[in-house]
Number of protein chains: 2
Amino acid sequence: MNEEFTIGQVAEKTGLPIHTIRYYEKEGILPFIKRNESGRRIFEYEDIQWINLLNCLRDTGMPIAQLKDYADLTLQGDPTGEKRLEILKKQKEKIEEQVNILKSHIELLNLKMEWYPRLKKENIQFDHAVKAWLKDGKLPPEQ
Amino acid sequence: MNEEFTIGQVAEKTGLPIHTIRYYEKEGILPFIKRNESGRRIFEYEDIQWINLLNCLRDTGMPIAQLKDYADLTLQGDPTGEKRLEILKKQKEKIEEQVNILKSHIELLNLKMEWYPRLKKENIQFDHAVKAWLKDGKLPPEQ
DNA sequence: ACTTGATCTAAAGTGAACTTTAGGTTGTAG
DNA sequence: CTACAACCTAAAGTTCACTTTAGATCAAGT
């Protein structure tokens, strides 16, 4: 219980390089980390969870400056919960939208591949005209 | 039909700065753009769709070099459809996972906020111990 | 005590992705 | 015919997010 970790262990668990963890602390987005008597960083399990959240937000394009805002809110404690919730929800919606864009491109590619043999046989291009035929997403019957 | 656009119009429609569009072309990730007699770029509707896909992939962390690979596959035409599909699916799965991570953090925050008044009243910290009680995600009955 | 590996700080360096600058061409409106 | 906005290239500059370097301290094993 209340396990403690060194920076090296945290690097391994989170996939972040040691130097990046120190850099993040300097930027103020790891505001909870304690030190021992000789100045070495001590991480707890919650710090690892926090770093995982940072990783997630970074990987989806949130800049450090915004992470800093989020960290500052978190430092202000529970009363800022609603604001933080808002930020996370917005980010979630943003990346859900990206998922939808990707889905539609995936569908288009699938459609193209389904059409490809037919198009080749009939020597036509998969272009806007063809896409227009495809409103229902099905191949018309072969002539 | 078969509408054509200038770089300025495309910039407006896609949200990318004009200079970035030119930069993207130089990097080889806009391989379909034609020119008029005097060397100006001519964009079609499909080019705008392509840029939207690029934007989506970039916004979710795909580097230019990988976009270049994807563009090269696309240039090779329909036979590389499966490969491209694989790339898009992988990216989609990657960002769906990020959505899940965010969801779990959002839930935790919601939980904290639900608990906050109780914790304050009983003067306890929302910490590991508390989280341990919460396996079922519900508040225990008030004592 | 001595070596070795992990940690520390401060500061300089790097790579990717733009962004700006400089100087030139084009095309439409007055 | 001239102004002026929109376009062009090539090249230098900037920003962000690390990453590396240099030099010091600490902790465990022999």
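Note on naming: letters A, B, ... go to the chains in the order of the sequence lines (proteins, then strands), and numbering restarts at 1 for each one.
Atom CD1 of A:Ile18 and atom P of C:dA10 are 18 Å apart (whole Å). Note: CZ (B:Arg22) to C1' (D:dA11) measures 14 Å, nearest angstrom. Summarising the geometry, the separation between CZ on A:Phe5 and P on C:dT7 is reported as 14 Å, rounded to the nearest angstrom. In this structure, the CD atom of A:Glu27 is 13 Å from the P atom of C:dA10, given to the nearest Å. Per the geometry, CZ belonging to B:Arg58 stands 7 Å off C1' belonging to C:dA17, to the nearest Å. If you measure from atom CG of A:Leu54 to atom C1' of D:dC16, you get 16 Å, rounded to the nearest angstrom. One can place CZ of A:Arg41 at 17 Å from P of D:dT25, the figure rounded to the nearest angstrom. Rounded to whole Å, atom P of D:dG13 lies 18 Å from atom OH of B:Tyr23.
A close approach under 4.0 Å does not occur between any side-chain nitrogen or oxygen of B:Tyr24 and OP1 or OP2 of C:dA17. For C:dT25, neither phosphate oxygen OP1 nor OP2 lies less than 4.0 angstrom from any side-chain nitrogen or oxygen of B:Ser38. A close approach under 4.0 Å does occur between a side-chain nitrogen or oxygen of B:Thr6 and OP1 or OP2 of D:dC7.
Residues A:Ile33 and A:Ile29 fall within the same hydrophobic cluster, defined by Ile, Leu, Val, Met, Phe, Trp and Tyr side chains chained together at heavy-atom separations under 4.5 Å.
Between A:Glu25 and A:Arg35 there is a salt bridge, since a side-chain N of the basic residue sits under 4.0 Å from a carboxylate O of the acidic one.
Put simply, the side chain of A:Arg40 and the base of D:dC26 share a donor and an acceptor less than 3.5 Å apart.
Between A:Leu53 and A:Tyr70, the closest side-chain pair of non-hydrogen atoms falls below 4.5 Å.
Map B:Lys26 and B:Ile7 each onto its nearest nucleotide of DNA chain D; the residue landing nearer the 5' end is B:Ile7.
Across A:Gln76, A:Arg84, A:Glu82, a single residue satisfies side-chain hydrogen bond (donor to acceptor under 3.5 Å, both in side chains) together with A:Thr80, and that is A:Arg84.
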